[in-house]
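Every chain is numbered from 1, with letters handed out A, B, ... down the list of sequences. Note that the structure is a prediction, hence the values are computed from the model and not measured.
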Amino acid sequence: MIWNPKAECMSSEEREEMQLKRLKKVVKKAYENVPYYKELFDSAGITPQDIQTLKDIEKIPFTTKTEMRKTYPFGLFAVPEDEIVEIHSTSGTTGKPTVSGYTEKDLDIWGEIVARALSMAGATKKDRIQNSYGYGLFTGGLGIHHGAKKLGATLIPISAGNTKRQLEIMKDFESTILTCTPSYAAYLAEALEKQGLSGDDISLKAGIFGAEMWTEELRTNIEKSLKISATNIYGLTEIMGPGVAHECQEKNGLHLQEDHFYPEIINPQTGETLEDGEKGELVLTTLTREGMPIIRFRTKDITTLRRGECACGRTTVRMDRITGRSDDMMKIRGVIVFPSQIEKALLSIDGILPQYQIIATRPKTMDELEIKVEVSESLFSDEIKHIENMQKNIAKAVHDTIGLRVNVSIVQPGTIPRSEGKAVRVIDKRDFS
Amino acid sequence: MKLKQISVFLENKEGKLKNAIEILSENEINIRALSIADTSQFGILRLIVNDYSKAKNALEKSNYVVKITEVIAVKVQDKPGGLNQMLTTLYNNKINVEYIYAFVDCTDGQAIVVVKTENIEKGINVLESENIKVLDAEEVIK
């Protein structure tokens, strides 16, 4: 079902007209109410009047996470503080957290875009949504929450963790939709299997997974074991939270909600704007947000935008599954490596779970890449030679994919650290100073 | 008679073995025999215990990966040549041994040998046809 046909199936002329009107308004509002944007415009020698076409957005300098951090905590709010009704924040794993403030109307829009996403996944008001994203400052839990409310579905706000209880609730409440990180979905599937059960013993029909990068291989794996249709959700705290883009049942790119967000693709090295169809870094501008308008935010996510009407009937631009981040791209012995490539290689081997970690070190002058993989019941054998063969197969699959020799270690389950259900995938211990 | 052995995956790191043994102790599981096969990175801890399913559950609760493997237990004389007779029998019948470990039972001065052959059924048949006593679970874990 299409939740909002008017917004999701607009003609491109209609959409561009609406976007331009909204862009002019948001730029003016940011310039007049947020000192950061006033300085940014002034230093670039432009004023809001310079924005007369959508293309004019390119005159405005980018904003990165680093700049946002300088305004910590509330420096980007564009409304008096009593109009802010909810605050979210990133975990701050890579530095100071970035904070996001929402007015009542912002929350309404957030609920709207998540309701569109849930509908794309196949949810209706008749569904029971088991929301296993973490509740709290993290946008995952409450983002889905606002959307499920808008949709009118029955929401089960179980939050993340406590796998045994998750499965019990899933069976007893007959949850039909699961929302969580893809790595947690895979873990739940494994835990279900451990109880001697399968996708046939639960009532799930669809899953909405995101908040971390994942691959088609992992999708197939989850869809088979839980017997569901799994779709990919995209979003980020700085812009709004989950729901900025979501896959329809065609599973051929994520529909970006263009009436609320304006997307661009740039060359991450030069900052130059690229054409539709070219691969680069996604840059987003909020078009309707009141509490915290964000203009030309560099997401660091690498993707491609594709135009044209989708078979589902929606006309919104589609972005490819995120294949990497411009900052978690590693250069190992001169070769560019994205963690998603390694995940793809690992999941091509039977019995491997997506619980892995990539560690880059430089013992002397040469880079070394170590891949830790958690052992699972199906991977473990009573014989040393079988486990050693498995290590060799993993190293070979990775070598075939990225062209580098890697060291594979098999570790005990639960030893790879997880935060908010997001697995910590990459550790770079190389010292470049 | 096949005997159930539990195999546990251990990282080759400080404290990993002690931790596993501690879990068994806390769950009042008696270890009858034990062996470790190891590489520089990991090891496989093999155990014969009085209650294998209880041991498996307790270890799995603490995130260990555990497998139940079938092995053969044989009683041999605790004297020179005791083990040789059994191995000769297996060798003559072309039965491959994957691994083997032994412990001495103080009560009757005999040794109990735990052996994993490629084909367990065949192993047992060959040994029994040569009148070598294959023990059942009760006799081993008494």
Exercise. Non-hydrogen atoms of chain B under 4.5 Å away: do they reach the side chain of Gln391(A), the backbone, both or neither?
Worked result: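 It is the side chain, since no backbone atom gets that close.
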
Problem set entry | Part of Asp38(B) lying under 4.5 Å from any heavy atom of chain A |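 Only the backbone of Asp38(B) comes within 4.5 Å of chain A.
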
Problem set entry | Atom group of Glu11(B) that falls short of 4.5 Å from chain A, counting heavy atoms |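 Its backbone and side chain both get close to chain A.
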
Problem set entry | Pair Lys4(B) + Glu70(B): basic N to acidic O under 4.0 Å |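 Looking at Lys4(B) and Glu70(B), the cut-off is met.
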
Exercise. Charged N to carboxylate O below 4.0 Å: is that the case for Glu22(B) and Lys18(B)?
Worked result: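 Counted as a salt bridge, because a side-chain N and a carboxylate O are separated by less than 4.0 Å.
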
For this session: Apply the test side-chain hydrogen bond (donor to acceptor under 3.5 Å, both in side chains) to residues Gln355(A) and Ser183(A): give CA-CA distance (whole Å), side-chain angles for both, the deciding distance (0.1 Å), then the verdict.
Result: CA-CA 7 Å; Gln355(A) 308 303 351; Ser183(A) 57; 5.1 Å; no

Exercise. Quick one: of Glu388(A), Lys385(A), Lys194(A), who has the most non-hydrogen atom pairs under 4.5 Å with chain B?
Worked result: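 Highest number of pairs under 4.5 Å: Glu388(A).
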
Exercise. With under 30° as parallel and over 60° as perpendicular, where do the rings of Phe209(A) and Trp214(A) fit, or are they tilted in between?
Worked result: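 Geometry flag for Trp214(A) against Phe209(A): perpendicular rings.
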
